[in-house]
Colleague: 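One structure coming up, written as structure tokens, with questions to follow.
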Number of protein chains: 2
Amino acid sequence: MSAADEMADGADKPWGEVSPEAARKLLVAAVEAFAERGYHATTTRDIAGRAGMSPAALYIHYKTKEELLHRISRIGHDKALEILQAAAEGPGSAAERLDGAVRRFVRWHAERHTTARVVQYELDALSDEHRTEIVELRRRTDAAVRRILNDGVKAGEFDVPDVPGTTLAVLSLCIDVARWFNAQGRRTPDEVGELYAGLVLRMVAAQK
Amino acid sequence: MSAADEMADGADKPWGEVSPEAARKLLVAAVEAFAERGYHATTTRDIAGRAGMSPAALYIHYKTKEELLHRISRIGHDKALEILQAAAEGPGSAAERLDGAVRRFVRWHAERHTTARVVQYELDALSDEHRTEIVELRRRTDAAVRRILNDGVKAGEFDVPDVPGTTLAVLSLCIDVARWFNAQGRRTPDEVGELYAGLVLRMVAAQK
DNA sequence: GCAGACCCTAAGCGCTTGCTCACCTTCGGG
DNA sequence: CCCGAAGGTGAGCAAGCGCTTAGGGTCTGC
């Protein structure tokens, strides 16, 4: 497989966009370790060990441990933004688009909860410069959801007295799935997505 | 003020139950530091420094850094459980009790968001033994909310197809306030409590 | 068939960490 | 007026941290 093919795979296969192979293995190991113990409690020796390499190998592909976190956070936020923007700009009524947005966003947070945990809960460990970059992505994430809500209000589908506040609540609800979701638990990512989409629609629906 | 008076104050004045004075100052300093940087990124020198003491002073009052976290987590979880149980067992219809529970629980997470951040997001840093103890408190927290929902369904006030799932979502929504709430932000704790109580009631309300 | 780019390792450096220890001060009771 | 308990400090230890460096394989293009 060529490098170009790997780039194209990025959307489907997790971390497909990271090459070469050794850099991807290290990044996947870092995601696991960060999700399990948190960024600060994870050592570079632990990451290298999980990837089956020596601690020094890490520094061939990444300048610092923080750069690893930034790469993970950047790719994850790009993916999250892509999901929500696609839903916001897609066809259908506001209710249909909100249903799809929540369903897909929640499913991603459940299915890839290790990644999502790092992406959503380790922002503070980023350098100032990197954090500023990521915060901008989150602003756009917020804007995508707010747009759907505004559309729904305008069309009379939704009754939402406080659009910014409700946007915040909807995103918060979805994001927190990464914290509590357990792959060994009773619910599948699909089931959680369905449950949450239903709850969110009831939160915003106009009374009949 | 006697030790007994300080105990009685616990509910009103934050950390009033911690004595002597030096131990409380250290604990308050630890809460600030843990909330700002996370448990693992906080050094014992940082905690002692914030309390205006030498690093060694910490170990007169606490056996380890982890014991400090456990004390914080325990007190915080006790308070959270107290809020929700009082709401669940209080008077009024299920809707009124749910409104009160969400309003008070959210207000606590916003007002005391430094404490809540530590309490809700640093569970993994506890020792196995301490974590087991805390998880049991969280189980009872969950049970209190579930009881209100079940009461409401039985009384015909609520329409909730999935009570355990909705309980999870309601608690998750409230807890995540601690992550994003900013004291410098536009909303007061009261306003967030009101907004969230409204959203939750719409999530569970029976259609008329 | 070998020069040079690339990838990796063993060893370890300088520093910080959680925590300890010998010692000092303050203070209420006999 | 001295005593022991309680609560504090400065100095520092062993361990572990992020990261660097010197050196050695392996593969590619000429």
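Convention: sequence-line order gives letters A, B, ...; per-chain numbering from 1. Owing to the predicted nature of the structure, the values given are computational and were not obtained by experimental measurement.
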Colleague: May I ask you to list the residues of residues 59-72 of chain B, by number, that have any heavy atom positioned under 4.0 Å from an atom of DNA chain C?
Modeller: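 Within this stretch, B:Tyr59, B:Thr64, B:Lys65 sit under 4.0 Å of the strand.
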
Colleague: Honestly, is A:Arg187 close enough over A:Trp180, meaning NZ or CZ under 6.0 Å from the six-membered ring centre and within 45° of the axis?
Modeller: no

Colleague: Measure CG/A:Leu58 against P/D:dC17 and give the value in whole Å, please.
Modeller: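 Roughly 14 Å, once rounded to whole Å.
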
Colleague: Would you mind checking if B:Lys79 and B:Glu17 are paired as a salt bridge, meaning a charged N to carboxylate O distance below 4.0 Å?
Modeller: no

Colleague: Taking the cut-offs as 6.0 angstrom to the six-membered ring centre and 45 degrees off its axis, would you call B:Lys65 and B:Tyr39 a cation-pi pair?
Modeller: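 Yes; both conditions hold, so B:Lys65 lies above the ring face of B:Tyr39.
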
Colleague: Which listed nucleotide (C:dC7, D:dG7, D:dT9) is nearest to the side chain of B:Pro20?
Modeller: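 Selected nucleotide (nearest to the side chain): D:dG7.
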
Colleague: For A:Phe105 and A:Trp108, take the angle between the two ring planes, folded into 0 to 90°, and tell me which bin it lands in: parallel under 30, tilted 30 to 60, perpendicular over 60.
Modeller: parallel

Colleague: Got a donor-acceptor contact below 3.5 angstrom from the A:Arg131 side chain to the A:Leu126 backbone?
Modeller: yes

Colleague: Check this for me, if you would: do B:Arg138 and B:Asp142 make a salt bridge, where the nitrogen-to-carboxylate-oxygen distance has to be below 4.0 angstrom?
Modeller: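 Answer for the salt bridge query: no.
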
Colleague: Please list residues of residues 34-48 of chain B whose heavy atoms come under 4.0 Å from any atom in DNA chain C, ordered by number; otherwise none.
Modeller: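 When residues 34-48 of chain B is checked for heavy atoms under 4.0 Å from DNA chain C, the hits, listed by number, are B:Thr42, B:Thr43, B:Thr44, B:Arg45.
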
Colleague: Could you tell me whether A:Arg37 and A:Asp46 make a salt bridge, using a distance below 4.0 angstrom between a side-chain N and a carboxylate O?
Modeller: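 Salt bridge flag = yes for A:Asp46 with A:Arg37.
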
Colleague: Write down the distance between CD (A:Glu21) and C1' (C:dC6), rounded to a whole number of angstrom.
Modeller: 16 Å

Colleague: So A:Arg179 and B:Asp176, salt bridge (charged side-chain N to carboxylate O under 4.0 Å, His left out) or not? Walk me through it.
Modeller: CA-CA 10 Å; A:Arg179 181 178 57 86; B:Asp176 203 49; 5.5 Å; no

